[in-house]
Structure formats: structure tokens, C-alpha cells
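What follows is one structure encoded as C-alpha cells, with my remarks underneath.
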Amino acid sequence: MKKNLTNVLKALGFMAIGMTILFLLYQSQNKAFQAQCVTDGISKENCSLIKKLLDDFRQTNPFWIILIVITTLLSHLARALRWNQLIESLGEKPRIINGLFSVIIGFFANLGIPRIGEIVRATTMAKYENIPTEKLFGTVVVDRIVDMITFIILVGVTFFLEFDTISTKLGELMATNQSKNTAAPSNLWYLLVGLCIIGVALIIFYRKSPENLMVKKVKGLVTGVLEGIATISKLERPWLFLFYTVAVWFLYYIMLYLCIPAFGPTRHLGMQAALIVFVFGAFGFLVPSPGGMGTYHWLIIQALTLFGIQAADGFSFANIAYFTGQIISNVGFGLLALILLPIVNKNYHPNTNKS
């Protein structure tokens, strides 16, 4: 009873964080939207950001939304196939359907409490495949380490390939601010400067406190990354694992890219712009709020401003992308998985079916 209450309080706490970030973001965007209405000569009665958001949702092409939902499911399948390969390296033979449903339920759980989905994924698979939970936890850790490595590589490659585009767009944005007699730099500059300050602070902190608990945790994380790489190299078909990894992240990118033609103000953007927006948005999921709620929206808006998209339109785009990928897909698939998982395993006996 006490444990359940703790979990509920945690879920409510993280949900409050996400909702607070989203509310503050809405407040700032609404203030800017009202100012733009005054500039355009639009009356206050006809200037509502909520109404604009709802209108933008209604005008979104449902064909692209359906494709996004299908792509989300395919990304879960690719992740499940990759995870099953890790489990098989331990001598187990889980069913793909159980891996898929466990992954989906894990993402569903993350919308309540960030990162708890990894635990839920492992315990769900353990229940229906009769595999020791501690063995599955190890594979989940490797799975997430691979994601972290892939994301770092993706960020590096994106900024390397698109450095000219990003620097040019930032220059144009700064020039626009100056032409408007705006002394304050873009919010994006605040973000970049903040990251640099944090990086310098961490280096100083490390040198002064090499035995600090936080430093030990960072060292442990690096060790875990190296161990994860070693585990992958021992797989029977590491090339297949690599293919699944590329497929997972490529499908994530496609999910974002499909939102571009679905929304009028962004239809002129290409695949390169989508890649930059995708990488910025992915950073939003690193913050402990349900499914990146709020932080994802803010970073998407900042990225879209690089390409001349108005903040209000960026807010609509972020909500369309978020609600399609996180709410419609993960909630819908999550509830379906919870219903179907006991049914597909009704006559399944893992102990007798394993070879």
C-alpha cells in the first residue's frame, strides 16, 4: 500500500513538473502572440493562442498523422527485435510479440514516471517469459547505453554536417533581432551559453573533487558504456544489432519529419531542417518530465525559429508532434498492449517452449 502510494505521488510530482514547464511556455508564447496581434491590428477578442492551437490541430492532414502512428509502432518493433537479440545472447528464447508489447508498455509507463518504463519493460517480460528479472535488467541497461551512444554520435554528426546551416541561421536570427532594436539575444543563445557554463563548472568540479560521489557516478557511467560496447561485440550477429539500432533512430527521425508536411507553416522545410529540429527536440526527453513534456516543446520552438517559423506556429507544431507521437501513439498502443498481452499468452508456457 505504501509503495503504491509512493509511486502515485512520484507520478503526480513528475506530471506536475511537466505541466508547469508547459504552462510557463504557454504563458510566454501567449504573451508574444498577443503582442503580435497588436502589431497586426487584430482585436484581443479575435486573438487567442488556444483557438489557434485547436484550429491548427483541425487543419492538420490526417494522412500524415496516420503515417506517424504507424512509424511509431515500427520503431517499437525495431527496438523489441534489438532487445530480443540481447536476451537471446543469455540463452533465452523470448517471443517477439512479448518483447514488442513489453517495450510499448514501458513507453506508456514513462508518461507517468520518467525512466520507470525500463523497470516496467523488464518486469513485464520476466512475467510472461519466466526469465529472471535481474538478467533482463542487464539487457535493458545495455539497450539504453546503446541509445545514449547513438544519440551522442547523431548530435555530433548533425552539427558537423549542418554547421554552416546552423551558424548561418543563427546569424540571420541575430540580425533580425538587431533590426528590430532588440538588445536581448535569442533564447537559443542563452541555452548555448548556459551549456558552456555548465561544462566549465563540471570540469572545475571534477578537478577539485575527484573522489566526490557525483564524480564516481560519472566514472561508473563511462565504465557502463564501455561494458555495453563489449557486450555488443560478443553477439552472434552484431551487424544485425547495428541495423536495428539505425532503424530505431531513423524511424524516430521519420516520425518528426512526417509532421512537417502535416502542418501548413512548415511544409516548405526539407529533410535537413527536420534533422536539426529532431536533434534539438531529442534533448527535451533528457529532462525528468513525463515524455519530455514542456522541455521538448521549448526546444522544438527554438529550432524552428532558425528557419523563420513564428514562435506561435512552432508551439502548434511541437504540440502536434508531441501529442501524435507520445499521447495518441504511446497511450493508444500502451492500453492495447495491456489488454492483448494476457490474451496472447493465455496458452503460452515458456518453460516448455524453450529449446
Checklist entry - If you look only at pairs with a residue in residues 58-71, which of them pass as a salt bridge (charged side-chain N to carboxylate O under 4.0 Å, His left out), with sequence neighbours excluded? => result D55-R58
Next on the checklist: Which residues pass the side-chain contact (heavy atoms from CB on, under 4.5 Å) test with V141, not counting sequence neighbours?
Outcome noted: I145
Checklist entry - So F317 and F263, would you call those rings parallel, tilted or perpendicular, with 30° and 60° as cut-offs? => result tilted
Next on the checklist: By the salt bridge (charged side-chain N to carboxylate O under 4.0 Å, His left out) test, which pairs, at least two apart or in different chains, include something from residues 97-106?
Outcome noted: none
Checklist entry - Heavy atoms, side chains only, cut-off 4.5 Å: are M255 and S329 in contact? => result no
Can you give the donor-acceptor pairs under 3.5 Å from side chains of residues 334-345 to other protein atoms, not counting sequence neighbours?
unit_1, atom_1, unit_2, atom_2, d
N345, OD1, R95, NH2, 3.2
N345, OD1, N98, ND2, 2.9
N345, ND2, N98, OD1, 2.7
N345, ND2, L341, O, 2.8

Next on the checklist: Is there a side chain to side chain contact (heavy atoms under 4.5 Å, CB included) between E236 and E88? Walk through the geometry before answering.
Outcome noted: CA-CA 10 Å; E236 285 186 18; E88 287 173 358; over 6 Å; no
Next on the checklist: Please evaluate residues N110 and E118 with respect to the criterion side chain to side chain contact (heavy atoms under 4.5 Å, CB included), reporting the C-alpha separation (whole Å), side-chain torsions for both, the decisive distance (0.1 Å), and the verdict.
Outcome noted: CA-CA 8 Å; N110 275 336; E118 320 308 338; 4.0 Å; yes
Checklist entry - Any idea which heavy atoms bring T139 and L86 closest together, and the distance? => result O-CD1, 3.5 Å
Checklist entry - With a 4.5 Å heavy-atom cut-off, do T266 and C259 have their side chains touching? => result no
Item to check | Stepwise ring pair (Phe, Tyr, Trp, His ring centres under 6.0 Å) check, F101 with F333 | outcome: CA-CA 9 Å; F101 283 158; F333 288 141; 9.9 Å; no
Checklist entry - Roughly how far, to the nearest 0.5 Å, is CZ of F137 from CD1 of I119? => result 5.5 Å
Checklist entry - Does L74 sit in a hydrophobic cluster with other residues, and if so which ones, taking ILVMFWY side chains as linked at heavy-atom separations under 4.5 Å, directly or through other members? => result I66, I70, L251
Checklist entry - So, for P350 and Y128, which heavy atoms are closest and what is the spacing to 0.1 Å? => result CG-O, 3.7 Å
Checklist entry - Looking at side-chain heavy atoms only, is the closest gap between L256 and I68 below 4.5 Å? => result no
Next on the checklist: Under the criterion side chain to side chain contact (heavy atoms under 4.5 Å, CB included), I'd like the reasoning laid out for I276 against F159: C-alpha separation, chi angles, the key distance, then a yes or no.
Outcome noted: CA-CA 8 Å; I276 294 172; F159 278 87; over 6 Å; no
Checklist entry - Which heavy atom in T324 sits nearest to a heavy atom in I328, and how many Å separate them? => result O-CB, 3.7 Å
Next on the checklist: Under the side-chain contact (heavy atoms from CB on, under 4.5 Å) test against I309, which residue among I301, L304, V277 passes?
Outcome noted: L304
Checklist entry - In Å, rounded to the nearest 0.5 Å, how long is the span from OG1 of T123 to CD1 of I105? => result 9.0 Å
Item to check | Within residues 241-258 or reaching into it, pairs that qualify as side chain to side chain donor-acceptor pair (under 3.5 Å) - sequence neighbours excluded | outcome: R79-Y252, R82-T245, D147-W249
Next on the checklist: Checking Q272 now: which residues fulfil side-chain hydrogen bond (donor to acceptor under 3.5 Å, both in side chains) with it, not counting sequence neighbours?
Outcome noted: E162
Checklist entry - From L100 CG over to N84 CG, what is the distance, rounded to the nearest 0.5 angstrom? => result 9.5 Å
Checklist entry - Are V103 and L77 close enough that some pair of their side-chain heavy atoms sits under 4.5 Å apart? => result no
Next on the checklist: Which heavy atom of V248 sits nearest to which heavy atom of S75, and what is that distance?
Outcome noted: CG2-O, 4.1 Å
Next on the checklist: Are E129 and K93 packed together at the side-chain level, in the sense that at least one heavy-atom pair is separated by less than 4.5 angstrom?
Outcome noted: no
Checklist outcome for this item: Contacts satisfying salt bridge (charged side-chain N to carboxylate O under 4.0 Å, His left out) that involve residues 248-268 (not counting sequence neighbours) are none
Item to check | For the student: nearest non-hydrogen atoms of S102 and M125, plus distance | outcome: OG-N, 3.5 Å
Item to check | For A247, all residues meeting side-chain contact (heavy atoms from CB on, under 4.5 Å), sequence neighbours excluded | outcome: A78
Checklist entry - Under the side-chain contact (heavy atoms from CB on, under 4.5 Å) test, which residues partner L67, sequence neighbours left out? => result F63, W64, L258
Item to check | Selection residues 307-332 - residue pairs positive for salt bridge (charged side-chain N to carboxylate O under 4.0 Å, His left out), sequence neighbours left out | outcome: K52-D313
Next on the checklist: Going by the rule ring-ring contact (aromatic ring centres under 6.0 Å, His included), which residues pair with F107 if we only count those two or more places apart in sequence or in a different chain?
Outcome noted: H76
Item to check | Validation row: W83, R121 side chains within 4.5 angstrom (heavy atoms) | outcome: yes
Checklist entry - For L154 and F278, which heavy atoms make the closest approach, and how far apart are they? => result CD2-CE2, 3.4 Å
